[in-house]
2 protein chains.
Amino acid sequence: MKKRVNELTGVKEIARRANVSIATVDRVLHNRKGVSKQTKEKILSIIEELNYEPNLLAQRLASRKILRLATLIPEISKETSFWDAPLKGIEQADKEIKQFGIIIDKYFYDQNKIESFVEQTKIILESNPDGILLAPSFIEESVRFTDKCRELNIPYVLIDSDLPNGGSLSYIGPNLYHSGYLAAHLVSYLVKNGEKILIVNISREIDNHHHLLKKEEGFRAYFDKHKKSDNILKIDIRDTDLKSIEKYLSNTFNENKDIRIVFVTNSRVSKVAHFIESSKKDVILIGYDFLKENIEYMDKGIIDFLVCQKPKQQGYRGLISLYQHLAFSSPVEKIYFMPIDILTKENSAFYRN
Amino acid sequence: MKKRVNELTGVKEIARRANVSIATVDRVLHNRKGVSKQTKEKILSIIEELNYEPNLLAQRLASRKILRLATLIPEISKETSFWDAPLKGIEQADKEIKQFGIIIDKYFYDQNKIESFVEQTKIILESNPDGILLAPSFIEESVRFTDKCRELNIPYVLIDSDLPNGGSLSYIGPNLYHSGYLAAHLVSYLVKNGEKILIVNISREIDNHHHLLKKEEGFRAYFDKHKKSDNILKIDIRDTDLKSIEKYLSNTFNENKDIRIVFVTNSRVSKVAHFIESSKKDVILIGYDFLKENIEYMDKGIIDFLVCQKPKQQGYRGLISLYQHLAFSSPVEKIYFMPIDILTKENSAFYRN
DNA sequence: CTGATTCACGGGTACGTTAACGAATATATT
DNA sequence: AATATATTCGTTAACGTACCCGTGAATCAG
């Protein structure tokens, strides 16, 4: 199946029609100077007329530009493997666009150490990248960092959580409030009169905690709206080790005998599941994120629902957006909310993160 | 940010190291004949050593090949707008790969007329395409068609439903059985003792019906496994107009007073919703597919859950798979089950089809 | 009027790959 | 031995765009 492709397209054709060289057309296309107003207009009208679209392949091939992108996300800790997924997405994007002249440098910080975050941002700025992908766990420091980026004219994309200062090229991540709202909607089907609902926040860092509160807010908003908010309990657990968690839970359950639904506001739900399993409570358990340990408890029937927001996609999309913006200055959605996926024992096998 | 790229890569470098011309390297890369065993092995080892990956940009740019793909899916009918989504996916893929020298011809058939299907397959075969994307509504005829394709060495990808004869390059679509199973799992949370569950199959064509049965089978299997299958009713409706459907439903509800859950096995759930709404029944309604009319009823609270399987993605992925297989002979997943998405009023706004 | 500077533009090479064409050598046939 | 046929390989021109470098003309300073 070999054939000659359209001959009346491309810079060559434009040049021919305008009676100029392709170099001049190129100048017009890239808005460079050195073209008289007359010729420029003529060429522009021909471009319009031909409905010219540059050949992306040839464009990238000919461009000697190298784009350097930096990514900054939490390192994968023993506490939670959550950040494994975005990293996978980053690696996939890396693989796909590497040959297009993109170099991706990956940086990581410790979610429990603000200093490590600040340190990495400094290193990144020194490396002077063309674009940045950031998971801004620490709000204040992230705001400072991104403000600096804007000063330096370095576009950045945020994933996982947004920042109040605006100015990002794009935010790609969950709508936390709505994911809580959705969870409440699910719960509303499951809870019966008189039964109690327990909200569990588990997080050591205040900043992360802030995100959890958004979910809790959405969750409560649902019940407020539907006028049945009177039976909601809540505990905040500031230690992330299993023992502390189980102690807290144990106390709470002892004091409240009719807890029927437990809503854990982040991926640590597997630790709660461990408690539920060993203490043989009969409750419905809802939590967050498609993690191995969570799936295991779901398969066992301990966790009933997981809410998930495609963390891998977040990393992947974030980089692709940066790339397209920098390489083709193609428009980027300012806010891209991830779908809010509901996982159960019966559909998790088909899930694509 | 301009820079010289890696000089020690590419066919040129391979040729240099092997003391041959790039043409010979090219021959080896494409497994063409005309290379002595010795040189071939030498070149192969160098390729291995260099970990050579061809530059896709240059590859596509230099290739004068034009690939012609054909797609055959149902036309969009007034009865259901379901096929709008896969078409959108096809169009998106078209847009993306058009400039890579791919031409996509779209064919459509009437889901209620087998002849129209057969006719289109003939036209397609006459056009002798390089690859085919097929939604095989009519099983027997599709088997015949795809058998023919294999004879002619034309790779084809199936979407939406699979065929028994095997031999497709890939199947991209739902696992019907499991989507029914999942629905049952959801229902199991919602149904209380003594309440009845009603399964509703609505379809005129026998072939489509076959697909519905798969879902029903999965649905029932769940309750069989959990030993509570005694309260399941079912009706088959062979007319797709609103009036007939409402009559059937009305009768069924009159005869069974304690129906609490209604499970509609396809996207016609909005018609059932219309009945439920006007007759003011208090039931939980579960159905299929992210269609405008369905979403509307979900927003109103009439439909509780929709199960959905990314129909747009199916069209998109199908074409991309064909393209990658034909252009780069890259491996393709033989079976790609779509995720089984659960939609409710609260997450549908974020859904990406 | 001369030399310098700026402007407007064209020539040409490069990006990494494909593939048509044909040259050189080896092997088979008579 | 002469010719025919295969086998193995190199040269070279594309593909469509980017961009360096150079040239001639116009403009300006003195």
Side-chain angles (χ1 to χ4, degrees), chain A residues 1-44 47 50 52-67 98-102 327-329, chain B residues 1-16 18-44 47 50 52-67 98-102 326-329:
Chain A
M1 215 40 10
K2 278 145 224 185
K3 261 193 200 162
R4 190 71 272 100
V5 192
N6 220 340
E7 264 307 0
L8 6 84
T9 180
V11 281
K12 255 192 244 154
E13 174 65 10
I14 298 175
R16 199 183 60 76
R17 295 204 190 195
N19 262 331
V20 296
S21 76
I22 59 169
T24 303
V25 176
D26 191 62
R27 276 184 272 264
V28 173
L29 280 171
H30 292 87
N31 230 13
R32 269 176 271 149
K33 55 176 185 171
V35 186
S36 72
K37 210 175 164 195
Q38 267 196 0
T39 352
K40 182 165 181 176
E41 269 165 17
K42 187 170 178 187
I43 291 178
L44 280 177
I47 288 176
L50 284 182
Y52 168 77
E53 300 252 343
N55 182 314
L56 299 185
L57 297 179
Q59 206 167 55
R60 285 310 299 169
L61 184 62
S63 165
R64 290 125 164 86
K65 253 176 228 149
I66 288 195
L67 292 175
K98 179 165 47 189
Q99 56 191 316
F100 295 24
I102 314 291
F328 312 119
S329 43
Chain B
M1 221 22 27
K2 277 145 224 186
K3 260 193 197 162
R4 191 68 273 101
V5 193
N6 221 340
E7 264 308 358
L8 6 84
T9 181
V11 280
K12 257 192 241 152
E13 175 65 11
I14 298 174
R16 199 183 60 76
N19 262 328
V20 295
S21 78
I22 57 170
T24 304
V25 175
D26 191 61
R27 276 185 271 265
V28 172
L29 280 171
H30 292 86
N31 230 13
R32 271 177 272 149
K33 56 176 185 168
V35 186
S36 73
K37 210 173 164 196
Q38 267 196 2
T39 1
K40 181 166 180 175
E41 268 165 18
K42 187 171 178 187
I43 291 177
L44 279 177
I47 288 176
L50 283 181
Y52 168 77
E53 301 250 345
N55 183 313
L56 298 186
L57 297 179
Q59 206 167 56
R60 284 312 299 169
L61 186 62
S63 165
R64 291 122 166 88
K65 250 177 233 149
I66 287 196
L67 292 176
K98 181 166 44 189
Q99 57 191 317
F100 294 24
I102 315 290
L326 288 167
F328 312 118
S329 42

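In the text below, chain A, chain B and the rest are named by the order of the sequence lines, each starting its count at 1.
Considering only residues two or more places apart in sequence or on other chains, B:Ser21 meets the side chain to side chain donor-acceptor pair (under 3.5 Å) condition with none of them. When the salt bridge (Lys or Arg N to Asp or Glu O under 4.0 Å) test is applied to B:Arg27, no partner is found at least two apart in sequence or on another chain. Residues forming a side-chain contact (heavy atoms from CB on, under 4.5 Å) with A:Ala327 (at least two apart in sequence, or on another chain): A:Arg60, A:Leu67, A:Tyr323. In terms of the side chain to side chain donor-acceptor pair (under 3.5 Å) criterion, residue partners of A:Thr39 (sequence neighbours excluded) are, by chain and number, A:Ser36. Contacts of A:Asp26 classified as side chain to side chain donor-acceptor pair (under 3.5 Å), with partners at least two apart in sequence or in another chain: A:His30, A:Arg32. A:Ala58 pairs by the side-chain contact (heavy atoms from CB on, under 4.5 Å) definition with A:Asn55, B:Leu61, not counting sequence neighbours. Take B:Leu29 and apply the side-chain contact (heavy atoms from CB on, under 4.5 Å) test, not counting sequence neighbours, and it matches B:Val11, B:Val25, B:Ile47, B:Tyr52. A:Lys40 is linked by a side chain to side chain donor-acceptor pair (under 3.5 Å) to A:Asn31, counting only residues two or more places apart in sequence or in another chain.
Atoms CG and OG, on B:Leu56 and B:Ser63 in that order, are 12.0 Å from each other to the nearest 0.5 Å. Here the OG1 atom belonging to A:Thr24 is positioned 11.0 Å from the CG atom belonging to A:Asn19, to the nearest 0.5 angstrom.
The side chain of A:Lys12 contributes an N or O atom lying less than 4.0 Å from OP1 or OP2 of D:dC15. Distances shorter than 4.0 Å separate some side-chain N or O of B:His30 from OP1 or OP2 on C:dT18.
Using a 4.0 Å heavy-atom cutoff across all strands shown, A:Tyr52 reaches sugar-phosphate atoms only and no base atom. As judged by a 4.0 angstrom heavy-atom cut-off over every strand, B:Asn55 is placed among residues touching the sugar-phosphate backbone only.
Taking atom CG of A:Asp26 as the reference point, atom C1' of C:dA14 lies 13 Å away to the nearest angstrom. Taking atom CG of residue A:Asn31 and atom P of nucleotide D:dT17, one finds them 17 Å apart after rounding to whole Å. As a whole-Å value, the separation of A:Lys65 NZ from D:dT17 P is 15 Å. Computed from coordinates, the A:Glu53 CD to D:dT17 P distance equals 11 Å when rounded to whole Å. Distance CD (A:Glu13) to P (D:dT17): 12 Å, rounded to an integer number of Å. B:Gln38 has its CD atom 15 Å from the C1' atom of C:dT25, to the nearest Å. Rounded to whole Å, atom C1' of C:dA19 lies 16 Å from atom CD1 of B:Ile66.
Among all heavy-atom pairs drawn from B:Glu13 and B:Leu50, the shortest one is CG-CD1, 3.9 Å.
Contact check of residues 56-63 of chain B against DNA chain D (heavy atom, cut-off under 4.0 Å) returns B:Leu61, B:Ala62.
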Using a 4.0 Å heavy-atom cut-off, write out nucleotides 6-11 of chain C from 5' to 3' as B (base contacted by protein), S (sugar-phosphate only) or - (no contact).
--BBBB

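Overall, the helix from C:dC1-D:dG30 to C:dT30-D:dA1 carries an axis bend of 50° between its ends, with five pairs at each end and the value rounded to 10°.
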